[in-house]
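Report on the structure given below.
Labels below follow one simple rule: chain letters A, B, ... track the order of the sequence lines, proteins then strands, and each chain is numbered from 1.
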Amino acid sequence: MPELPEVETVAAQLRSRVVGRTILACRLWTPGMVRHPSPDAFVLRLAGRRIEAVTRRGKYLLHRLSGCGGELLVVHLGMTGTWTCVPAEAPEPGHLHLVLELDDGCQLRYRDTRRFGRLLLGAEADLLAAGVLPRLGPEPLDPAFTPEALHRLLRGRRAPLKALLLDQRVVAGLGNIYADEACFRAGLRPDRPGGSLSRRSAARLHDALREVLLEAIANGGSSVDDYRDARGEPGRQQERLLVYGRAGRPCLRCGRRLAVIRLAGRSTVFCRRCQR
DNA sequence: TTAAATTCCTGTAAGC
DNA sequence: TGCTTACAGGAATTTA
């Protein structure tokens, strides 16, 4: 599923392919995917706009559009969403919800089997005010995200560490894969209270988070479900995951069977020996 | 205020 | 073989 590294990969690829392109037409098959504004307004307002920039915030893809004071087309991929740029003549896959026709003969296509994704259009302030774009926590790769900052975010919290890492208001961009991977690399049990981390442990977690995210970006993200990048290609980081998806198999560090528990409604894999 | 549970959705895999 | 059921999970919503 797309988390920060996967969304970063898509944003970087789209930047070189769609910035400067104008949207000629817009076809929307599934109105329910559009959370703001109304589906009709969404379709009408996209046609004729030029894409000025493509960026990422947390797991959100942001496309800054010409006119109307820098409105954003916002795409969240949910679990199974893909946002690809392909030639218009490429065969159309199933579960296609939105197609934007560009002025160079290519199409931006939103496909999503489980429909957990969402599409938004509007000025950032309006999306925040409407409550359709949440107020996100810090970017874990931002220089301002220091070990001390992470320690402050966790201090006093009694929820399990993993639950806090998954909370986008605490830190933006983490999902089930990289939360588990970071806890393992930091040697920290995901079910211990977030507030129980010492300054030193928080620093280990901070370094593990940055390390695993940067490594995943370098490898084009993880394709464990049906994640594909903007070209339709899978990532390579899934081959390097140490705990996610490996429940019951031996720990790659000590050989003990990896445990699986449920935290914050998600299956959580960790090593009872290596993580304390 | 915080934490936990519930809901949405459909392909896949396990079980009978 | 074919059917039913459980499961996967991001985030909004509801409940405690």
Side-chain angles (χ1 to χ4, degrees), chain A residues 1-8 10 29-36 39 56-62 74-83 93-98 110-120 122 127-137 139-140 152-183 190-197 213 216 221-228 234-235 237-238 241 243-249 258 260-270:
Chain A
M1 56 232 90
E3 304 180 24
L4 186 155
E6 290 75 28
V7 179
E8 180 66 32
V10 173
W29 280 271
T30 316
M33 306 282 336
V34 177
R35 302 303 174 91
H36 189 89
R56 176 193 62 75
R57 176 79 172 98
K59 302 176 194 172
Y60 290 83
L61 275 164
L62 310 177
V74 181
V75 177
H76 192 298
L77 300 174
M79 278 187 61
T80 55
T82 63
W83 184 232
H95 304 288
L96 200 56
H97 304 298
L98 173 73
Y110 185 72
R111 174 177 194 267
D112 190 350
T113 42
R114 278 176 238 181
R115 303 190 199 185
F116 273 24
R118 57 205 60 215
L119 304 167
L120 314 169
L127 297 176
L128 287 168
V132 289
L133 190 63
R135 297 185 189 277
L136 299 172
E139 286 288 328
R152 273 196 302 276
L153 288 166
L154 300 175
R155 196 163 48 197
R157 304 293 297 263
R158 278 170 298 193
L161 173 60
K162 163 96 175 269
L164 296 172
L165 292 177
L166 291 176
D167 188 338
Q168 303 299 300
R169 296 166 299 185
V170 176
V171 186
L174 296 174
N176 209 28
I177 298 174
Y178 300 110
D180 274 8
E181 293 296 311
C183 286
D191 57 345
R192 62 186 278 177
S196 74
L197 267 65
L213 292 173
S222 303
S223 293
V224 293
D225 223 324
D226 32 16
Y227 164 72
R228 292 295 182 274
Q237 182 69 14
Q238 67 278 7
L241 299 178
V243 285
Y244 181 86
R246 298 193 65 250
R249 294 169 61 191
L258 291 174
V260 58
I261 57 175
R262 274 193 96 71
L263 283 178
R266 316 282 156 71
S267 60
T268 300
V269 183
F270 71 103

Using the side-chain heavy atoms of [X], tell me which of these nucleotides is nearest: [options].
X	options	value
A/Arg157	B/dT2, C/dG9, C/dA12	B/dT2
A/His76	B/dG11, C/dA11, C/dA12	C/dA11
A/Pro160	B/dA4, B/dA3, B/dT10	B/dA4

Separation of [X] atom [atom1] from [N] atom [atom2], in whole Å?
X	N	atom1	atom2	result
A/Arg169	C/dA11	CZ	P	11 Å
A/Ile261	C/dG9	CD1	P	13 Å
A/Asp167	C/dA11	CG	P	10 Å
A/Leu4	C/dA11	CG	P	11 Å
A/Leu174	C/dA11	CG	C1'	14 Å
A/Arg118	B/dT7	CZ	C1'	12 Å
A/Glu3	C/dA11	CD	C1'	13 Å
A/Ile177	C/dG9	CD1	P	9 Å

How would you label the contact of [X] with the nucleic acid (heavy atoms, under 4.0 Å): base, sugar-phosphate, or nothing?
X	answer
A/Pro193	nothing
A/Tyr227	nothing
A/Thr80	nothing
A/Arg115	sugar-phosphate
A/Met1	sugar-phosphate
A/Pro2	nothing

Determine whether a donor-acceptor pair (one donor, one acceptor, N or O, separation below 3.5 Å) exists between the side chain of A/Arg262 and the base of C/dA8.
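Side chain to base: no pair below 3.5 Å.
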Test for a donor-acceptor pair under 3.5 Å between the base of C/dA8 and the side chain of A/Arg114, counting only N and O atoms.
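Side chain to base: pair present.
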Fit a plane to each ring of A/Tyr110 and A/His97, take the angle between them on a 0 to 90° scale, and name the class: parallel (under 30°), tilted (30 to 60°) or perpendicular (over 60°).
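Tilted, since the angle between the ring planes falls between 30° and 60°.
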Taking side chain as C-beta onward, heavy atoms only, is [X] less than 4.5 Å from [Y]?
X	Y	result
A/Thr82	A/Leu77	no
A/Tyr244	A/Asn176	yes
A/Leu174	A/Leu4	no

Report yes or no: do A/Tyr178 and A/Glu6 form a side-chain donor-acceptor pair below 3.5 Å?
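Yes, side-chain donor-acceptor contact under 3.5 Å.
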Going by atom types alone, do A/Thr80 and A/Tyr227 pair a side-chain donor with an acceptor below 3.5 Å?
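On atom types as modelled, these side chains do not qualify, holding no pair under 3.5 Å.
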So, do A/Phe116 and C/dG9 meet the stacking rule of ring centres under 5.5 Å and planes under 30°?
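Stacked: ring centres under 5.5 Å, planes under 30°.
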On DNA chain B, compare the nucleotides closest to A/Gly265 and A/Ala159; which residue's is nearer the 5' end?
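Of the two residues, A/Ala159 wins.
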Side-chain N or O of A/His95 versus OP1/OP2 of B/dC9: is the shortest distance under 4.0 Å?
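No, because none of the side-chain N or O atoms of A/His95 sits under 4.0 Å from OP1 or OP2 of B/dC9.
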How do A/Ser267 and A/Tyr60 order along DNA chain C: which one's closest nucleotide is nearer the 5' end?
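By nearest-heavy-atom nucleotide position, the 5'-most residue is A/Ser267.
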